[in-house]
Amino acid sequence: MKLSDIQLWEADDEAADAARIANATARPFPADRTVGELFAEQVAATPDEVAVVDGPARHTYVEVAADADLLARFLVDQGVQPGVHVGVLLRRSYRLVVAMLAVLKAGGAYVPLNPELPSARLHSLMRDTGPLVLISERELVAAYNDLFWNSAPTRACICVDSTDVLTELEPAGTRMSLELWNYVADHADDPISANGWRSPYTGARISDQTLNTYVRATAGKIADYLGPAKAMLEIGCGTGTTLRGLAPRVGRYVGIDPAAGVLRWAERAREEEGLDNVSLHELGALNLDELPPGSDGPFDIVVFNSVVQSFGGVNYLRTVLREAIGRVGERGAVYLGHVWDAARREEFLASLAARHRPEHGGRPMSAADALFIPSAFFDDLPNHFPELSAVEVTPMAFHDEELTTYAYDVLLHVDRTATARRRPAPAKIQYDTQALNTLAAVRPPVNRHSPDATAYVIQTSGSTGAPKSVAVGMRSLVNLLWWYRDFCELDVGGRVAQIITCGFDASIKNYLAPLVSGAAVVLAPDAAYDPRVLLELVDRDEVTVLNPGVPSAVYPLLDLAAADGFRALRSLRHLALGGETPDLARLLPWLDSGACKAKVHNIYGPTEATDIACTAEIAPATAAEGGPVRIGFPIPNVSAHVLDRHLIEQPAGIVGELYLAGTGLAAGYLSDPELTAEKFTTDSPALPGQRLYRTGDRARRLPDGSLVLVGRMDTQVKLLGHRTELGEVEQKLSELPGVREAAAVVRPVPGSDELRLCGYVLPEPGAEPDTLGLRAALTRFLPAAAVPADVVVVESWPRNANGKIDRNALPSPEQARRAAARPPRTETERVLLPLWHEVLADDTVSLEENFFVAGGHSLGAALLAIRIREELHRDVSIVDVYRAQTAAALAKLIDQRPAADSPLKLLADGEGNAVYCFPPIAGHSWAMAGFAQHLGFRCYGFDFPFDAAPTRPEQRQS
């Protein structure tokens, strides 16, 4: 027997009674009803009341119901029913409210796909849930096409704001920049470099031998369409690599490329090879109608060789293929060589990360920004182009580790003479509003959900960092909404602000609780959180309930409201805070002001317990007296238990792990029965038969039965043989003078397998904490092993999509010291530094670090200049990047340079005061340029050319 197996205290009947009383939460609720039914009842009761406020737009209950019913009918026709998942990729808007209701009415499980999440995270959720249908919008065309075509179970997607979804072209992206390719071509020493043929791993030039083998392999793939009598069109002919190998094999070769600098290399290839059957044209892929007579087809073969990976997306590719197929004669083919395989994208990117080295330079071109295409897209093309008689998707015809491993070739055979064949039904279909318009308006409203089915699936990161998909049932959701409705006193006239991202489970109650109560949901703009915007929204739209997510989001709101005596918050009746422990001192000025008419609640609950499991009101007296912040008591039909490792209830005051039970528990984790069995248990001898969820939170019960959290089970770390609770370190750090908030993280020591404890502090306004002093102060409260080896001061917390501190994104002490040279001081520096990080693929580079020393190269410099022009709308060239070399120097150069529409022109740079030169009578500033170069000062000239059109008096008045 172990000492830990011995019970060291006698049973406390009074404490046990307190726990029983606290968990006596049984309350009636519509357990056999669904959200769709409750919403339909509310529509009947308040048809003309406002249900959704979206900016200036007001949508009534009857309007929302009509739109949701229409979309729900479409979903039912696609096969949606209880147990079927539906992905929703929409920004926060009225459309998202309609889509959520439609999914629940049709019986499906709502799967929110937050557009702000990384692509890999969205693909992970799609793999877990396998949605039958995907709902999205035009603005997100590139993202939803990527998700749709890479999810085999997803049979349909609908773009709810497009009348012709297939014509919605994706944004072009940097890879289609003519400036970029012209720069590459104009600064290259050979045609292979000029065409951007470089290793995705090292950035080194692909060898001549590899490219020659590639072209010969291409000739072998399309041999049936080559010959003296054949005509070929190459789209994206580049510098002539394919031209040299294929043009001699056909009677007529036509090449097009939109970049003039690239075409100059192709012209040189034609001359060097003495090919008089070649014509070249500076045209884009969608400009084939501009080909001159004699070069406009028909063609026997159209070739795209290593081109489509630069396209913006599959809609753009399909549109280009329509043009290409249209140029093929009665029989012929379209060939696409070297297509990046979407099925192996993650494997490819992992190999890049494993092999890339700093000496290779910044972000490789052939990386995540390339277009990866699933073979299913090509298999679907005959449904759009009946003249396609066959589609061949084959491995590349030769092997080269850096060129062919993660790619394939495609040959589309065209035969316009064949009789029409019956084709099987398409495996995947893209719909738009035309599909909704064809539905009969007389069909009755839809309400097909089941109380026992899954209502929604939310993905959480989990303590291990691996995302977990949690399935929450309809009955659990209805219990939450019914309680929240009463808890927040929702009724006609009530208004609930929705500012939480759709990927966070807290958003769901804020959307739905108002709609089953007669209240309205007020949608915040879908943009980065701005407390000024939120304060204006609360005031203007008379918000009564605010649940901003984490308390950190409300502190700046209160600081702004204080300037006007908190008048902007006068409509608030309930403020619900959760996700992290609130700082009561930050709330106290409002609570004590007399202007506060709201009840402030500390809410607690993991996703696995349907968002909220416990709640405690924060009264002014509670905030003033300090002490531990309670999470209070369980909500109706939920119970909370503090258990030891034998799953026995702990007496009051004794710390244990918090377990939850009752109606609020989720069904479990999708596709992970082992994790579900680990986290959800029925093995407690003290609670026989009860299904319990293990939260991983450490808690203790107070004598009155309420609960207090005291840390996480998984934040207990062992350092130097001592167990250390990170929550305790954070608490002690936050109590030190000059510290507003604190965090503690265990990090590896660079160059070793050892671990060290790092502390992070957010200072009070105006405070400049001394990190060495903070460490010294901690030694008075904590054992040596619990004192952080380093303390880092941060200006703000990095936050994940749910608004919680993203501890993985906190800088290492080394990164912090590197970046501590100084933070951005000007707006230009604040814009430039993230662009530096983006191009170099290194978030630690500082303002003063040399771009080229940090891993940049000429191609990266060109990319950087393009991105700066896109963001700042200023005339910045690659020459400027070479001249400045650091973000700080380039920002200074840009700020000294006049705007594009200014009559001032920079003639010469220098130190000291600026000199301004007025031009001679012609009005051109360049006439002073020679003089300016000899002054040694920064010199500007005014540009007032005499031939500029004079401004009319009426124009000046306007």
Side-chain angles (χ1 to χ4, degrees), residues 92 116 495-501 504 506-507 510 522-593 595-603 618 620 623 629 730 733-734 738-743 760-769 793-807 809-810 823-825 827 830 834:
R92 184 164 52 238
E116 302 304 319
R495 294 199 164 183
V496 179
Q498 172 57 289
I499 70 169
I500 299 175
T501 174
F504 188 26
S507 68
N510 292 333
V522 180
L523 304 179
D526 189 78
Y529 175 68
D530 185 336
R532 292 178 177 80
V533 173
L534 178 57
L535 187 64
E536 181 184 346
L537 178 140
V538 170
D539 187 19
R540 180 188 66 238
D541 293 316
E542 299 181 329
V543 169
T544 60
V545 178
L546 178 60
N547 171 216
V550 292
S552 307
V554 85
Y555 302 149
L557 187 79
L558 295 178
D559 292 343
L560 289 170
D564 191 27
F566 301 104
R567 277 179 44 81
L569 302 177
R570 61 189 180 276
S571 64
L572 272 187
R573 295 297 175 265
H574 293 273
L575 173 64
L577 305 174
E580 62 188 25
T581 303
D583 182 349
L584 302 185
R586 304 287 297 276
L587 302 174
L588 193 56
W590 179 46
L591 295 175
D592 269 350
S593 68
C596 177
K597 307 300 182 185
K599 295 178 180 178
V600 180
H601 312 278
N602 184 31
I603 57 177
I618 302 174
V629 181
E730 293 176 351
L733 258 178
S734 64
V739 176
R740 171 173 284 190
E741 299 173 30
Y760 295 85
V761 296
L762 185 70
E764 293 283 3
E768 297 182 0
V793 179
V794 296
E795 292 186 345
S796 60
W797 296 120
R799 298 194 178 274
N800 58 26
N802 296 341
K804 297 182 181 180
I805 296 175
D806 186 351
R807 284 169 164 76
L810 286 167
R825 295 187 186 124
E827 183 60 30
R830 279 188 282 273

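Note that the structure is predicted; figures quoted are calculated from it, not measured.
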Intermediate values then yes/no, side-chain contact (heavy atoms from CB on, under 4.5 Å), Arg586 and Asp559: CA-CA 9 Å; Arg586 304 287 297 276; Asp559 292 343; 3.6 Å; yes

Would Val600 and Trp590 satisfy side-chain contact (heavy atoms from CB on, under 4.5 Å), going step by step from the backbone distance to the final call? CA-CA 11 Å; Val600 180; Trp590 179 46; 3.8 Å; yes

The test is side-chain contact (heavy atoms from CB on, under 4.5 Å); show your working for Asp806 and Trp797 and say whether it passes. CA-CA 8 Å; Asp806 186 351; Trp797 296 120; over 6 Å; no

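The pair Arg830-Glu795 does not meet the salt-bridge criterion, since no charged nitrogen lies less than 4.0 angstrom from a carboxylate oxygen.
In this structure, Ile499 CD1 and Leu546 CG are separated by 5.5 Å, a value rounded to the nearest 0.5 Å. With rounding to the nearest 0.5 angstrom, the CG atom of Asn547 is 9.5 Å from the OG atom of Ser507. Between Asp564 atom CG and Leu569 atom CG the span is 10.0 Å, to the nearest 0.5 Å. Rounding to the nearest 0.5 angstrom, the gap separating the OG1 atom in Thr581 from the CG atom in Asn602 is 7.0 Å. Rounded to the nearest 0.5 Å, atoms CD1 (Ile500) and OH (Tyr529) are 11.0 Å apart. From Leu575, atom CG reaches atom CG of Leu558 across 7.5 Å, with rounding to the nearest 0.5 Å.
When all heavy atoms are compared, the tightest approach of Leu733 to Ala743 is CD1-O, 4.2 Å. Nearest approach of Pro548 to Ala576, heavy atoms of both residues: CD-O, 3.4 Å. Here the closest non-hydrogen pair linking Gly738 and Ala767 is O-CB, 3.7 Å. The shortest non-hydrogen separation linking Val538 to Ala568 is CG1-O, 3.7 Å. A pairwise comparison of heavy atoms in Ala506 and Asn510 identifies O-ND2, 3.3 Å as the closest pair.
Of the possible donor and acceptor atoms, one in the side chain of Arg92 sits under 3.5 Å from a partner among the backbone N and O of Ala524. Panel note: side chain Tyr555, backbone Asp583; a donor-acceptor pair is recorded below 3.5 Å. In this structure a side-chain-to-backbone donor-acceptor pair under 3.5 Å is missing from Asp541 to Val543. Remark: the backbone N or O of Arg495 is paired with a side-chain donor or acceptor of Thr544 at under 3.5 angstrom.
Between His574 and His601, the two ring planes are parallel [angle under 30°; tilted spans 30° to 60°].
Residues Pro525 and Val533 are in side-chain contact: their nearest non-hydrogen atoms beyond the backbone lie under 4.5 Å apart. No side-chain heavy atom of Glu764 sits less than 4.5 Å from a side-chain heavy atom of Pro769.
Applying the salt bridge (Lys or Arg N to Asp or Glu O under 4.0 Å) test to every pair with at least one member in residues 568-582, sequence neighbours left out, gives these pairs: Asp539-Arg570, Glu580-Arg799.
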